[in-house]
Enquirer: 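My questions all concern the structure below.
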Amino acid sequence: MQLNQPKRTRSVQKWGSALLAVSLTIGTAPTVFAAEPSKVSGTKTQSTKTTTTSTTTSTSGVSPVFNDVKLGFWAEKHIHKLAALGILQGNNGKFRPNDPVTQQEAVTMAIRFMGLEGELQTGDNASLPKDFKVGNYFKPYIVLAFKEGLLTKEEELLKPDPKKPWGDQKASREWVTKILVRAVKKQDDALKSMTKQTTFADNSKISASARGYVNAAVDLKLATGMAGNKFEPLKEVTRAQMATFFSRGESVTTVKHAAERYGYVMALSDQELRLYGEDGQTETYRHDKNTMIYRTDGDKQIVLKDLGLYMKVRIIGRNSVATYVELVDAEPKVDVSESSVKYVAPSESKIYLKHPGREDLEQLVFNKDTVIKDAGGNVISASQITPESTIVIKRETFSQERKVIELQVKSGPVNKSTKGTLTEIDTPNRKVTIQPESGAKETFTVAEDAVIRYQNKLMANGLKDLKLNSVINYTVKNSIVTNIELTSVSEMMISGVLFDKGANRTSITVKQDNNNLETKMLAHNFEIVLEGMNNPSFDELVAGENGDRVELTLNSENQVTRIKLVNRKVEMLLGVQVVSFDKQRGYLTVEVDKQLPRVFVINGATRIENNGSKLNIDELASMLNEKRKANIQYSGSNAIAVQFVHKTEGTFMYTSAAANTLTLKLVNGQTVTIPMRKDLSYVEIYGKTNAKLADISNGQHITVHFEDDQKTVRAVSVRTNEQFEVESVDTNNGRVRFRTNSNTIEEFYVGTAPVKNMARELVKLSDVRPNEYYNVVMDGRTVVEMSRSSVVYGTIDSLDTSKGVMMVKDSAGQMSIYQVGTGTQILVDNSSTTNLNAIKVGDRVEVRKDIYDKTIIRHVKELKRTFWKHDSRTNEVYVKRSMADTSFIFKLHPNAYVHQKGQKINVSSLQDNSDIVLYVIKDQVVEIEKVS
């Protein structure tokens with residue numbers, strides 16, 4: 001509710017207190033309302049008569065409902081909505097938006113707004129005290145208002161003015177506020193804040209009995225102040241303002257009117273809109289140029305093309321004629337999927353679909369309303385769909401039936417030989433995705449007996465030897481790949497037994513499964529992968545007839561870049577009891593769960609750590625006593641690492657309440673079960689208060705903290721990935737204050753946790769700047785790692801929704817290209833959508849990637865204001881305050897772009913009364929455009 005429209009001076013003809021008839025005619029179906037045409041007098045009223053008006057036609061720039069309301073008028077939407085609902089009426093096609101509203105008119109609107117017209121009483125049943133004068137037409141409304149508590153006898157009947165009829169008195173702002181708060185059933189809120197002072201400068205002028213209602217209206221965002229932070233409690237309210245009050249009151253009430261329906265657009269043409277209602281009933285509405293269309297979250301009129309299939313809308317109308325349409329949610333409520341056709345049974349209205357890895361067929365049921373199209377978009381019958389075709393299936397998601405509403409053939413059986421690049425390889429399901437030299441990507445199944453070769457040599461492991469981004473010649477028969485020839489590769493793989501480690505560590509020889517020996521040169525920076533061990537050395541490799549089984553990755557120069565050992569791994573024993581340590585021989589004897597002792601060899605390559613700090617062999621000897629427990633990382637009988645730790649990490653699997661144990665999978669793949677404290681209650685998950693073990697899901701990464709015995713769990717912290725905006729950095733104390741997604745500020749200790757820039761290079765904490773975004777890995781509330789995320793603010797230079805490509809130009813003229821599609825999140829005002837129609841070329845946007853590498857686009861709305869001054873001390877911009885604005889002081893972003901016609905200027909050059917456009921993100925101005 002807006003109580004701060006600027007005062008308008010005009011010659012006002014008094015029509016009295018009556019709400020006269022108006023025809024809300026849309027198309028050819030007139031709707032007639034009757035009202036009393038006379039002015040209320042103290043002793044005499046004229047009779048009520050019914051007036052019928054002719055069909056209203058829209059004139060350019062003028063409302064089709066009221067000819068004295070111009071399109072673009074600030075309250076246009078609210079007037080049209082309430083008129084369509086029958087809450088507002090006019091006189092001979094006029095609404096008189098700037099006329100003061102009388103008390104009896106305001107009460108009548110409130111009763112209609114509450115949907116209580118069916119409870120009106122007439123005749124003798126609708127009586128009021130003789131000295132309480134209202135128009136005859138309004139009397140039943142006033143009586144019902146007293147009954148419903150909209151009006152109270154203590155306030156209205158105490159001292160009636162015999163010279164001034166109550167009904168004709170102009171409604172004041174504080175009086176209307178009372179009526180509105182009561183109409184939306186929030187009187188209890190008002191009563192609770194009766195003794196609370198308002199924040200308005202003229203608080204003392206607000207009646208004590210109205211103060212609680214004003215507080216409630218402000219809290220509910222139904223009322224705001226006027227110029228000079230004043231409420232102006234006794235100021236008159238115009239009819240346009242009254243319409244706005246009740247229109248915005250919908251946000252805090254659940255009243256439903258007979259003329260309105262909510263539902264989803266199922267069909268849309270130039271003349272009709274078919275609605276699937278939330279009640280499951282379908283109705284077709286006629287619409288024409290006089291149908292008014294708006295968004296729920298906006299006041300400006302939109303056009304028919306802004307509506308789309310499966311969007312949620314609200315329609316107000318009678319006799320299947322849409323008077324008013326409101327777009328509630330622009331995101332289509334439809335699920336899209338693809339499947340391959342096995343065969344079609346038109347007589348059964350079924351299509352049988354097949355899925356990779358499944359022998360059973362899915363039955364897809366369609367009906368007479370399902371639209372079936374070919375690849376060109378032409379309507380066809382189900383019998384025209386051929387087996388092995390790929391079809392796109394669209395199901396509605398707004399009903400429990402999830403009906404199939406459209407089927408479209410995407411492609412039929414493919415037969416061809418061509419060239420392309422491998423972009424995806426699904427070895428278990430024998431599927432490859434290929435980017436041909438021309439056209440879109442294609443996914444095919446690879447035949448079991450497909451020939452896969454490189455340079456006229458068969459690939460020993462077939463599909464397993466293929467690598468992404470390899471260029472291939474391939475043959476497809478009936479949509480099955482039968483032949484693949486690698487013409488160039490970025491990488492390829494061979495496997496076998498490591499037969500020989502070459503001299504000077506420059507080559508290795510592998511004996512393949514066909515007994516052929518393959519010798520390959522080692523690349524300069526080759527990698528060795530041994531499961532459970534970080535950075536294993538070349539010496540770890542075992543060669544010979546019984547050597548390690550390895551997988552070699554080769555680059556385009558046929559050099560080995562990666563050696564992966566596949567037949568052995570490094571294992572770990574957690575919290576084993578030390579029995580003895582023979583320093584001379586390097587023998588460490590331990591006892592595992594009271595079983596027979598095990599002996600491990602410690603040598604110069606063994607890594608020794610105490611809670612992350614490295615120790616030498618002498619320090620180890622002093623710590624290894626019979627009371628000490630240790631974690632042993634080993635391969636065979638060799639100790640790779642000996643660790644004295646108070647915590648460990650891995651993947652959570654499950655807990656046992658009976659055994660009071662926690663089972664997790666360590667980073668080396670080993671599964672361990674650890675006893676817990678009986679009273680374990682400390683579980684830390686960022687963003688969740690009072691977390692419990694039951695809040696941890698299978699597969700989540702956790703850190704387990706031990707008691708002093710080094711094996712009993714005393715606490716658990718869960719790893720999460722968050723994205724924050726930097727508020728400030730305290731490098732001296734190693735702390736960072738972050739702004740979270742909920743716009744709250746939280747401080748964290750970073751300490752020695754790695755900090756990385758956008759190139760994933762390590763940087764110092766002092767390199768972190770306010771307003772930068774970081775992806776933060778958290779163990780509970782402990783920062784594990786920070787990586788800077790790219791954020792671009794600029795103007796949409798181009799947007800191709802069909803290809804899903806958006807180009808954004810920043811203030812320096814640099815262009816950034818983004819792939820956007822169905823998974824792209826678009827933030828508009830306080831809502832979120834994935835519909836690209838929510839943005840357009842020329843819009844200001846902030847674009848970033850979230851922690852899952854998905855694109856997030858924040859639409860930045862423009863605010864047209866008049867500049868007043870800039871406070872360099874606080875770096876704040878002040879604008880001239882109008883009666884409609886509550887914000888007039890804005891914080892300036894340190895990197896704000898200030899310009900005029902694209903030329904960068906200094907904020908100090910802005911002059912008083914300059915017209916400017918502000919762009920604000922999270923309460924900070926990121927751009928100021930000087931208009932004049």
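Any value given below was found using the heavy atoms of this structure, including those in side chains, with hydrogens, waters and symmetry copies removed.
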Enquirer: Indicate the atoms forming the closest heavy-atom contact of Phe66 with Val62, along with that distance.
Expert: O-CG1, 4.0 Å

Enquirer: Just by distance, no angles: are the side chains of Glu105 and Thr108 close enough, under 3.5 Å, to form a donor-acceptor pair?
Expert: no

Enquirer: Using only atom types and a distance under 3.5 Å, with no angle test, would you say the side chain of Gln241 pairs donor to acceptor with the backbone of Thr238?
Expert: yes

Enquirer: Below 4.0 angstrom, N of the basic side chain to O of the carboxylate: do Glu272 and Arg286 qualify?
Expert: no

Enquirer: Around atom NZ of Lys300, are there more than 12 heavy atoms from other residues, nucleotides or ligands closer than 6.0 Å?
Expert: no

Enquirer: As a quick check of understanding, evaluate side-chain contact (heavy atoms from CB on, under 4.5 Å) for Leu863 and Val920, giving each step before the final call.
Expert: CA-CA 8 Å; Leu863 301 174; Val920 182; 3.9 Å; yes

Enquirer: Donor-acceptor check, side chain of His257 to backbone of Phe113, threshold 3.5 angstrom: yes or no?
Expert: yes

Enquirer: Inspect the contact between Lys81 and Asp299 and indicate whether a charged nitrogen and a carboxylate oxygen are less than 4.0 angstrom apart.
Expert: no

Enquirer: Check whether any side-chain N or O of Asp829 sits under 3.5 Å from a backbone N or O of Ser831 as a donor-acceptor pair, and report yes or no.
Expert: no

Enquirer: Side chains of Val392 and Leu407: closer than 4.5 Å at any heavy-atom pair?
Expert: no

Enquirer: Taking Lys854's backbone N and O only, do any of them form a donor-acceptor pair with Asp850's side chain (distance below 3.5 Å, no angle check)?
Expert: yes

Enquirer: Centres of the Tyr264 and Tyr310 rings: under 6.0 Å?
Expert: no

Enquirer: Would you say the side-chain atoms of Glu338 and Thr390 include a donor-acceptor pair closer than 3.5 Å?
Expert: no

Enquirer: Taking all non-hydrogen atoms of both residues, which atom of Asn835 and which atom of Pro332 are closest, and how far apart?
Expert: ND2-CD, 3.8 Å

Enquirer: Inspect the contact between Glu362 and Lys350 and indicate whether a charged nitrogen and a carboxylate oxygen are less than 4.0 angstrom apart.
Expert: no

Enquirer: Using 0.5 Å steps for rounding, measure from the CD1 atom of Ile857 to the OG1 atom of Thr824.
Expert: 5.5 Å

Enquirer: Measure from NZ or CZ of Arg239 to the centre of the six-membered ring of Phe95, then state whether that distance is under 6.0 Å and the direction lies within 45° of the axis.
Expert: yes

Enquirer: Provide the closest heavy-atom pair for Ala838 versus Asp843 in the form atom of the first, atom of the second, distance.
Expert: O-OD2, 4.4 Å

Enquirer: In this structure, are over 12 heavy atoms from other groups packed under 6.0 Å from Asp270 atom CG?
Expert: no

Enquirer: Verify side-chain contact (heavy atoms from CB on, under 4.5 Å) between Phe73 and Asn98, making sure each step is shown before the conclusion.
Expert: CA-CA 11 Å; Phe73 180 60; Asn98 297 319; 4.1 Å; yes

Enquirer: Quick check: Tyr343 with Tyr352 (ring centres under 6.0 Å apart)?
Expert: yes

Enquirer: Using the rule given for side-chain contact (heavy atoms from CB on, under 4.5 Å), can you reason through Ile796 versus Met806, listing the C-alpha separation, both sets of side-chain angles and the distance that settles it, and then say yes or no?
Expert: CA-CA 7 Å; Ile796 299 179; Met806 179 181 71; 4.0 Å; yes

Enquirer: Donor-acceptor check, side chain of Glu388 to backbone of Ser340, threshold 3.5 angstrom: yes or no?
Expert: no

Enquirer: Starting at OG1 of Thr296, measure out to NZ of Lys312 and round the result to the nearest 0.5 Å.
Expert: 9.0 Å

Enquirer: Using 0.5 Å steps for rounding, measure from the NZ atom of Lys221 to the OG atom of Ser251.
Expert: 9.5 Å

Enquirer: Any salt bridge linking Asp297 with Arg295? Criterion: basic side-chain nitrogen under 4.0 Å from a carboxylate oxygen.
Expert: no

Enquirer: Assess whether a salt bridge exists between Arg261 and Glu278, defined as any Lys/Arg side-chain N lying under 4.0 Å from an Asp/Glu carboxylate O.
Expert: no

Enquirer: Please report the closest heavy-atom contact between Thr397 and Val334, naming both atoms and the distance.
Expert: OG1-N, 3.7 Å

Enquirer: Minimum heavy-atom separation for Gly115 to Val255, with atom names?
Expert: N-CG1, 4.2 Å

Enquirer: Taking only Lys NZ, Arg NE, NH1 and NH2, and the carboxylate oxygens of Asp or Glu, determine whether Asp335 and Arg402 approach each other closer than 4.0 Å.
Expert: yes

Enquirer: Whether Glu396 and Lys333 form a salt bridge (side-chain N of Lys/Arg under 4.0 Å from carboxylate O of Asp/Glu) is what I want to check.
Expert: no

Enquirer: Is a side-chain N or O of Asp68 found less than 3.5 angstrom from the main chain of Lys94, in a donor-acceptor match?
Expert: no

Enquirer: Side-chain donor-acceptor pair under 3.5 Å between Ser247 and Thr244, yes or no?
Expert: no

Enquirer: With the side chain counted from C-beta on, respond yes when Arg248 and His78 share a heavy-atom pair under 4.5 Å apart, and no when they do not.
Expert: yes

Enquirer: Distance check, rounded to the nearest 0.5 Å: Gln121 atom CD versus Glu119 atom CD?
Expert: 9.0 Å

Enquirer: State, to 0.1 Å, how close Val107 and Ala145 come at their nearest heavy-atom pair, and which atoms those are.
Expert: CG1-CB, 3.4 Å

Enquirer: Would you give the length of the straight line joining atom CD1 of Ile302 to atom CD of Glu326, rounded to the nearest 0.5 angstrom?
Expert: 9.0 Å

Enquirer: Hey, does Thr291 have a side-chain heavy atom less than 4.5 Å from the side chain of Thr323?
Expert: no

Enquirer: Would you call Val181 and Asp189 a side-chain contact if the rule is heavy atoms closer than 4.5 Å?
Expert: no

Enquirer: Does Arg314 form a side-chain contact (heavy atoms from CB on, under 4.5 Å) with Glu260? I'd like the steps, not just the answer.
Expert: CA-CA 7 Å; Arg314 174 194 190 187; Glu260 66 177 334; 2.7 Å; yes

Enquirer: So if I apply the side chain to side chain donor-acceptor pair (under 3.5 Å) rule between Ser63 and each of Gln301, Glu76, Lys70, His80, which one comes out positive?
Expert: His80

Enquirer: Can a donor-acceptor pair be found, under 3.5 Å and without considering hydrogens, that links the side chain of Ser389 to the backbone of Val409?
Expert: no

Enquirer: With a 4.5 Å cut-off on side-chain heavy atoms, are Ile391 and Leu353 touching?
Expert: yes

Enquirer: Calculate, to the nearest 0.5 Å, the distance between atoms CG and OH belonging to Leu273 and Tyr285 respectively.
Expert: 9.5 Å

Enquirer: With a 4.5 Å limit on heavy-atom distance, are the side chains of Met266 and Leu275 in contact?
Expert: no

Enquirer: Around Gln271, counting heavy atoms of other residues, nucleotides and ligands shown, do more than 12 lie under 6.0 Å from its CD?
Expert: no

Enquirer: Does any part of the side chain of Lys861, heavy atoms only, come nearer than 4.5 Å to the side chain of Tyr919, both counted from C-beta?
Expert: no

Enquirer: For salt bridge (charged side-chain N to carboxylate O under 4.0 Å, His left out), just list the numbers for Lys256 and Glu250, CA-CA rounded to whole Å, side-chain angles, deciding distance to a tenth of an Å, and then say yes or no.
Expert: CA-CA 10 Å; Lys256 290 289 184 284; Glu250 286 185 324; over 6 Å; no

Enquirer: Under 4.5 Å between any side-chain heavy atoms of Leu268 and Leu307, yes or no?
Expert: yes

Enquirer: Under the 3.5 angstrom rule, does the side chain of Asp279 hit a backbone N or O of Gln281 as a donor-acceptor pair?
Expert: yes

Enquirer: Are the side chain of His859 and the backbone N or O of Val845 linked by a donor-acceptor pair below 3.5 Å?
Expert: no

Enquirer: Checking Glu283 against Tyr276: is there a side-chain donor and acceptor pair closer than 3.5 Å?
Expert: no

Enquirer: Aromatic contact between Tyr324 and Tyr294, with the criterion being ring centroids under 6.0 Å apart: yes or no?
Expert: yes

